[in-house]
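Data first, discussion second: the structure below is written as structure tokens.
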Amino acid sequence: MATQHTSSALHAPALSAAYPMAKPGYGKRSAPEQQARTRHDFALLPTRERYVAGFVDHLPDGAAMSVKTLAKQLPLYGQQAISTALTALSVAGHLRRVRCAVVGAGDETRWVFRTFWSRTARDNEWWNTYLATEKATLAAAPVPEASTLDTAPPPPWTLAAEDPPPAPEGPDTEQAPEPAAVPQQRTPARAPDTEPAPGTAPATPQAPGTSPAYLALARLGRDDHRLTLSADDCATLEPQAAQWLARGVSVDYLTSALTAGLPAKVDSPVGLLRRRLTDKIPPRLPTENTQPATPAPARRLLMECTDCGRPGLPEALPDGLCRPCRTAHSGAAEDSPRPADIADVKAHMNNLRDLLKPV
């Protein structure tokens, strides 16, 4: 004997294995402290909203939550119906849409869009408190690099209760610890008042003929035969060339400055280069370590109107709707006829038709 289902709600379609996921950091995020899933969830919602809510509730975290994507997966309703259902779910306290300004390298601002979902209906006070906590967590988290927004895992302000990425590495799959390799040490930048005098060797001890300044001088003769230098000439000019590199210029800049505008015939390459190294020495450029540290700009967390997408503070968007959309939604709800009124009108019309029938 077949089991009869007492619920009149439409069953949400089974999730497809190929359901589209949003970019890392975007999409659905489940709110904490939800009640356990039961067959009576969303029982007080209308049929359409119950159908959409049941489908969204079973989506994994990070799933795409755009109206267009949901409409492709729900065959019974189009984009307009899905948008209206999401608005009703926002009013019922099940979801909120937010956007976050993430500042990356070069002060470039990108917006990250998320949809927070709660199976348990929450009031405006709970959502405001929860989003304020998210904003504080976001402000305290480090700013991710802009180049890794599309390829890296979700930003640090991701909820702690989120599901892990699709293919996380467990403890059993981690590689055995290996001896840490010693990184190549960098030569500390000189202070402005410790510049070596002309004719002195650089402070960092290096093997003869291996410093960048020496190699740059040795390559000049290969690029232009007029500047061919001997080993002794390169060793003599090496301290002056090292002063250029200590001021923050690159080897290419040094080579271009020494080879630009050469005469047709060079009688003494070492004398010409010594004169250019002395006369054209550039000013000292500030290094990265000497630049004043600028505080990272604060990242903002704004709620979006579920209906029109207008951003605003959570306190200014009760029920997840801006004032115009909230007015339109409440007006449509008040003007819509009740089921009892519809039945009375139908009964009255049937009575009029019976009276108009000929005897």
Side-chain angles (χ1 to χ4, degrees), residues 5 7-100 112-124 126-127 130-131 134 154 158-166 301 303-309 314 317-321 325-326 329:
H5 296 281
S7 176
S8 60
L10 300 175
H11 296 283
L15 292 179
S16 172
Y19 185 86
M21 302 295 290
K23 292 182 179 181
Y26 296 70
K28 176 190 172 184
R29 287 295 180 270
S30 298
E33 302 175 1
Q34 300 187 45
Q35 297 179 359
R37 184 179 288 115
T38 65
R39 60 181 299 178
H40 302 293
D41 293 333
F42 318 112
L44 301 180
L45 297 176
T47 302
R48 180 182 60 188
E49 284 70 18
R50 199 183 319 171
Y51 177 76
V52 176
F55 180 78
V56 173
D57 186 54
H58 286 78
L59 292 178
D61 278 9
M65 285 291 294
S66 65
V67 173
K68 185 176 182 180
T69 304
L70 291 174
K72 289 182 178 179
Q73 301 293 325
L74 301 176
L76 297 183
Y77 302 106
Q79 296 185 26
Q80 185 63 37
I82 296 296
S83 177
T84 304
L86 293 179
T87 302
L89 292 175
S90 178
V91 175
H94 291 287
L95 69 86
R96 290 292 188 271
R97 293 189 183 273
V98 300
R99 64 169 65 178
C100 171
V112 175
F113 299 89
R114 286 188 166 184
T115 300
F116 288 99
W117 171 262
S118 174
R119 184 186 314 112
T120 305
R122 307 291 189 179
D123 56 12
N124 292 321
W126 188 93
W127 278 114
Y130 172 68
L131 293 179
E134 283 296 308
T158 305
L159 294 175
E162 284 184 18
D163 294 338
L301 180 66
M303 185 187 294
E304 277 191 348
C305 175
T306 308
D307 194 3
C308 68
L317 299 175
D319 297 333
L321 300 177
C325 295
R326 187 168 61 253
H329 180 80

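Please read all numbers here as calculations on a predicted model, not as lab measurements. Scope of the values below: all heavy atoms of this structure, side chains included, with no hydrogens, waters or symmetry mates.
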Just by modelled atom types, is the [Y] backbone N or O under 3.5 Å from a matching donor or acceptor in the [X] side chain?
{"X": "Lys28", "Y": "Met65", "result": "no"}
{"X": "Arg326", "Y": "Leu321", "result": "yes"}
{"X": "Ser118", "Y": "Ala121", "result": "no"}
{"X": "Asp307", "Y": "Cys325", "result": "no"}

**OP:** Measure the acute angle between the ring planes of Tyr26 and Phe113, then classify it against the limits of 30° and 60° as parallel, tilted or perpendicular.
**Re:**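 Tilted, since the angle between the ring planes falls between 30° and 60°.
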**OP:** Please work out which of the three classes, parallel, tilted or perpendicular, describes the rings of Tyr130 and Trp127, given edges at 30° and 60°.
**Re:**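 Plane angle over 60°, so perpendicular.
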Subject >> Step-by-step side chain to side chain contact (heavy atoms under 4.5 Å, CB included) determination, Phe55 to Leu59 >> reply: CA-CA 7 Å; Phe55 180 78; Leu59 292 178; 4.0 Å; yes
Set of side-chain hydrogen bond (donor to acceptor under 3.5 Å, both in side chains) partners for [X], sequence neighbours left out:
{"X": "Thr306", "value": "Ser90"}
{"X": "Glu304", "value": "Arg99"}
{"X": "Thr120", "value": "none"}
{"X": "Asp57", "value": "Arg37, Trp117, Arg119"}

Subject >> Leu89 vs Leu45, side chain to side chain contact (heavy atoms under 4.5 Å, CB included): CA-CA, chis, key distance, verdict >> reply: CA-CA 9 Å; Leu89 292 175; Leu45 297 176; 3.6 Å; yes
**OP:** Before giving the answer on side chain to side chain contact (heavy atoms under 4.5 Å, CB included), spell out for Arg96 and Thr115 the whole-Å C-alpha distance, their side-chain angles and the decisive distance to 0.1 Å.
**Re:** CA-CA 6 Å; Arg96 290 292 188 271; Thr115 300; over 6 Å; no
**OP:** Output all residues satisfying side-chain contact (heavy atoms from CB on, under 4.5 Å) with Ala71, sequence neighbours left out; order by chain, then residue number.
**Re:**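 With neighbours one apart ignored, the set is Gln79, Ile82.
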**OP:** Could I get the full list of side-chain contact (heavy atoms from CB on, under 4.5 Å) partners for Ala81, not counting sequence neighbours?
**Re:**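 By the side-chain contact (heavy atoms from CB on, under 4.5 Å) rule, Ala81 matches Arg48, Tyr77.
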Minimum heavy-atom distance [X]-[Y], with the two atoms named:
{"X": "Met21", "Y": "Ala63", "result": "CE-N, 3.6 Å"}
{"X": "Pro20", "Y": "Thr69", "result": "CG-CG2, 3.3 Å"}
{"X": "Gln73", "Y": "Pro75", "result": "O-CD, 3.4 Å"}
{"X": "Ala31", "Y": "Trp126", "result": "CB-CH2, 3.8 Å"}
{"X": "Leu70", "Y": "Ala64", "result": "CD2-O, 4.5 Å"}

**OP:** Would you give the length of the straight line joining atom CG of Leu95 to atom OG1 of Thr87, rounded to the nearest 0.5 angstrom?
**Re:** 8.5 Å
**OP:** Calculate, to the nearest 0.5 Å, the distance between atoms CZ and OG belonging to Arg97 and Ser66 respectively.
**Re:** 8.0 Å
Original post:
Quick one: does Phe116's side chain get under 4.5 Å of Leu131's, heavy atoms only?
Top reply: yes
